[in-house]
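Let me begin by presenting the structure, written as structure tokens, before commenting on it.
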Amino acid sequence: QVQLQDSGGGLVQAGGSLRLSCAAAGRTLSSYTMAWFGQVPGQERVSVASIRWSGLNINYSMSVKGRFTIGRDNTKNAVYLQMNSLEPEDTAVYYCAARSNPWTSAVVDNYPYWGQGTQVTVSS
């Protein structure tokens, strides 16, 4: 069983930055594919970024490409999402997710393990 703990959200002005963190307990994440998803109230949870266990295969949604960076530190059993040039449209609850399958995926149902979510609010 994998327990994930999200943190790092907050209120920031447009153009600002935030760094989300996801710490894991219960099992090492070094062999897991990790991802960040965002969800706006009343809408589906959507993939933002994903990274393979090796860190060599990374995918971003078109809306965040060039502004967000996903990274992982397997020695610390953690994954990060550096969010730069934030826009009001980025406002959402962000969740980290994990799957033991080695390939990245943007599909919510492909991830059995989830953090509790952290709120990101970007003001204009």
Side-chain angles (χ1 to χ4, degrees):
Q1 189 73 8
V2 177
Q3 293 88 41
L4 302 176
Q5 180 73 40
D6 308 327
S7 63
L11 173 63
V12 63
Q13 288 188 332
S17 298
L18 283 173
R19 180 178 170 89
L20 305 185
S21 298
C22 176
R27 187 165 292 185
T28 179
L29 293 180
S30 60
S31 62
Y32 281 68
T33 294
M34 303 298 297
W36 287 96
F37 287 75
Q39 187 169 25
V40 175
Q43 299 185 21
E44 293 184 352
R45 196 169 295 187
V46 296
S47 175
V48 172
S50 57
I51 184 168
R52 201 174 170 190
W53 68 272
S54 64
L56 297 179
N57 180 250
I58 295 175
N59 292 285
Y60 296 100
S61 69
M62 289 302 296
S63 63
V64 307
K65 203 167 188 177
R67 300 187 298 120
F68 291 10
T69 303
I70 188 171
R72 63 189 301 161
D73 187 339
N74 289 337
T75 65
K76 297 183 178 179
N77 223 27
V79 65
Y80 308 98
L81 185 68
Q82 179 66 43
M83 312 168 78
N84 296 330
S85 302
L86 281 160
E87 303 169 353
E89 294 74 23
D90 297 320
T91 295
V93 177
Y94 287 80
Y95 299 86
C96 74
R99 68 191 298 233
S100 58
N101 188 297
W103 300 104
T104 59
S105 172
V107 179
V108 169
D109 290 345
N110 286 345
Y111 291 85
Y113 306 109
W114 292 86
Q116 82 288 355
T118 184
Q119 175 71 48
V120 171
T121 303
V122 185
S123 63
S124 57

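Heavy-atom basis, side chains included; hydrogens, waters and symmetry copies ignored. Please read these numbers as outputs of a predicted model, since none were measured by experiment.
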Sort and list the pairs that fulfil disulfide bond (SG atoms under 2.5 Å apart) and have at least one residue in residues 29-59, not counting sequence neighbours.
-> none
Taking Gln116 for its side chain and Gln5 for its backbone only, find out whether a donor-acceptor pair lies under 3.5 Å.
-> no
Side chain to side chain donor-acceptor pair (under 3.5 Å) filter on Ser105, not counting sequence neighbours, yields Asn110
Here the pair of heavy atoms bringing Tyr94 nearest to Val48 is CE2-CG2, 3.9 Å
Does Thr69 have any side chain to side chain donor-acceptor pair (under 3.5 Å) partners at least two apart in sequence or in another chain, and if so, which?
-> none
Report the C-alpha distance between Gln1 and Tyr113 in whole Å, list the side-chain angles of each, state the deciding distance to 0.1 Å, and finish with yes or no for side-chain contact (heavy atoms from CB on, under 4.5 Å).
-> CA-CA 8 Å; Gln1 189 73 8; Tyr113 306 109; 4.0 Å; yes
Between Leu29 and Ala78, which heavy-atom pair has the shortest distance, and what is it?
-> CD1-N, 4.4 Å
Cut-off 3.5 Å, no hydrogens considered: what does the side-chain donor-acceptor table look like for residues 117-124, sequence neighbours left out?
from   : atom 1 : to     : atom 2 : distance (Å)
Thr118 : OG1    : Gly9   : N      : 3.0
Gln119 : NE2    : Ala92  : O      : 3.4
Gln119 : NE2    : Thr121 : OG1    : 3.3

CH2-SG distance between Trp36 and Cys96, expressed to the nearest 0.5 angstrom = 4.5 Å
Only pairs at least two apart or in different chains count here, so list each salt bridge (Lys or Arg N to Asp or Glu O under 4.0 Å) that has a residue in residues 68-82.
-> none
Keeping to residues at least two apart or across chains, list the disulfide bond (SG atoms under 2.5 Å apart) pairs with something in residues 31-85.
-> none
Hey, can you pull the donor-acceptor pairs under 3.5 Å for the side chains in residues 10-23, sequence neighbours left out?
from  : atom 1 : to    : atom 2 : distance (Å)
Ser17 : OG     : Asn84 : OD1    : 2.9

Looking only at heavy atoms, which two atoms of Leu4 and Met34 are closest? And how far apart?
-> CD2-CE, 4.3 Å
To the nearest 0.5 Å, what is the distance between CG (Asn59) and OG1 (Thr104)?
-> 4.0 Å
Just grab all the ring pair (Phe, Tyr, Trp, His ring centres under 6.0 Å) pairs involving residues 41-86, residues at least two apart or on different chains.
-> none
Heavy-atom distance under 4.5 Å between the side chains of Ile70 and Val79, does that happen here?
-> yes
Mind jotting down which residue pairs meet the salt bridge (Lys or Arg N to Asp or Glu O under 4.0 Å) criterion with at least one end in residues 41-60? Sequence neighbours excluded, please.
-> none
same_hphob_cluster(Tyr32, Trp103) at 4.5 Å side-chain heavy-atom cutoff | no
Side chain to side chain contact (heavy atoms under 4.5 Å, CB included) involving Thr28 - partner list, sequence neighbours excluded = Ser30, Asn77
Among Ile, Leu, Val, Met, Phe, Trp and Tyr joined by side-chain contacts under 4.5 Å, find the other residues sharing a cluster with Phe37 and list them by chain and number.
-> Val93, Tyr95, Val108, Tyr111, Trp114
Just grab all the salt bridge (Lys or Arg N to Asp or Glu O under 4.0 Å) pairs involving residues 90-100, residues at least two apart or on different chains.
-> Arg67-Asp90
